[in-house]
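Down below is the structure, laid out as structure tokens.
Starting from 1, each residue takes its place in the sequence as its number. Values below: every heavy atom of this structure, side chains too, minus hydrogens, waters and symmetry copies. Just so you know, these numbers come straight off a predicted model, no measurement behind them.
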Amino acid sequence: MPFGGGNKCGCCQKTVYFAEEVQCEGKSWHKSCFRCMVCKKNLDSTTVAVHVDELYCKSCYGKKYGPKGYGFGGGAGTLSMDTGEGLGIKPVVQAPHQPTSNPNTSKFAQKAGGSDECPRCGRTVYAAEKVVGGGNSWHKGCFRCAKCGKGLESTTLADRDGEIYCKGCYAKNFGPKGFGFGQGAGALAHSQ
């Protein structure tokens, strides 16, 4: 215990006396300082979420540090367009889709030095971000259709000449053409 009678508050750095002390993560806080850094709600042991030395309510913590994207709404059946800019979060801007410029069309080409290289962006693919498809190793973010940019899975993948496509784009670009090969039920297409 420091000189002066009590521990220092994790928020205001003033002395915390026993009657007003709340302990969390081995640190002492005044009851009045034990609040969410964003929304300023009072916290208790069931509502606190700690990040480094910062206190958050579970809702603000989830918005700032939780998973982002489709399916991670704020509650039952909710979708939010909140990007978190009010919490100091910079929105992630995804790079535009770039088709592969890989001149090697072999599915099983040897990689230099034994490391995998992504055919889409040309950078090294490490195990934590590796997706295998079409005989190559891809980054998860690069594992997209070369035509429409749609994210792919092993069940929705079609490959041709070292490039990967969704089944829809593959059928449109490389499938049969002419009468009777329309895109929908009962549709006829005429191509020259």
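Annotation: side chain of H139 is not in contact with side chain of R120 (no heavy-atom distance under 4.5 Å). The shortest distance between side-chain heavy atoms of K8 and T15 falls below 4.5 Å.
The neighbour count for Q13 CD, taken as heavy atoms of other residues, nucleotides or ligands under 6.0 Å away, is above 12. Enclosure of atom OH in Y126 is not indicated, since only 12 or fewer non-hydrogen atoms of other residues, nucleotides or ligands lie within 6.0 angstrom.
Closest approach of L43 and C36 over heavy atoms only: CD1-N, 3.6 Å. Smallest separation of non-hydrogen atoms from F34 and C24: CE1-CB, 3.7 Å. Residue G151 comes nearest to R144 through the heavy atom pair N-NH1, 3.2 Å, listed as atom of the first residue, atom of the second, then distance. Closest approach of K31 and V22 over heavy atoms only: CG-CG2, 3.5 Å. In plain terms, the two heavy atoms of D116 and S137 that are nearest each other are OD2-OG, 3.2 Å. Smallest separation of non-hydrogen atoms from C145 and C166: SG-N, 3.3 Å.
A distance of 7.5 Å separates CZ of R123 from SG of C118, quoted to the nearest 0.5 Å. With rounding to the nearest 0.5 angstrom, the NZ atom of K58 is 13.5 Å from the NZ atom of K41. To the nearest 0.5 Å, atom CZ of residue F143 and atom CH2 of residue W138 are 8.0 Å apart. Atoms NZ and SG, from K172 and C148 in turn, are 7.5 Å apart once rounded to the nearest 0.5 Å. Between the NZ atom in K140 and the CD atom in E129 there is a gap of 8.5 Å [rounded to 0.5 Å]. In this structure, the separation between SG on C11 and CG on L55 is 7.5 Å, given to the nearest 0.5 Å.
At a threshold of 4.5 Å between side-chain heavy atoms, the hydrophobic network of Ile, Leu, Val, Met, Phe, Trp and Tyr places W29 and V50 in one connected group. In this structure, L152 is a member of the same hydrophobic cluster as V131, with clusters built from ILVMFWY side-chain heavy atoms closer than 4.5 Å.
D44 is linked by a side-chain hydrogen bond (donor to acceptor under 3.5 Å, both in side chains) to T46, T47, counting only residues two or more places apart in sequence or in another chain. Under the side-chain hydrogen bond (donor to acceptor under 3.5 Å, both in side chains) criterion, S28 pairs with N7, E21, not counting sequence neighbours. Applying the side-chain contact (heavy atoms from CB on, under 4.5 Å) test to E54 and every residue at least two apart in sequence or in another chain returns M37, H51, Y56, Y65.
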What verdict does the side-chain contact (heavy atoms from CB on, under 4.5 Å) test give for K27 and D53, after you've listed the backbone C-alpha separation in whole Å, the side-chain angles of each residue and the deciding distance to 0.1 Å? CA-CA 9 Å; K27 295 187 178 188; D53 287 336; 2.5 Å; yes
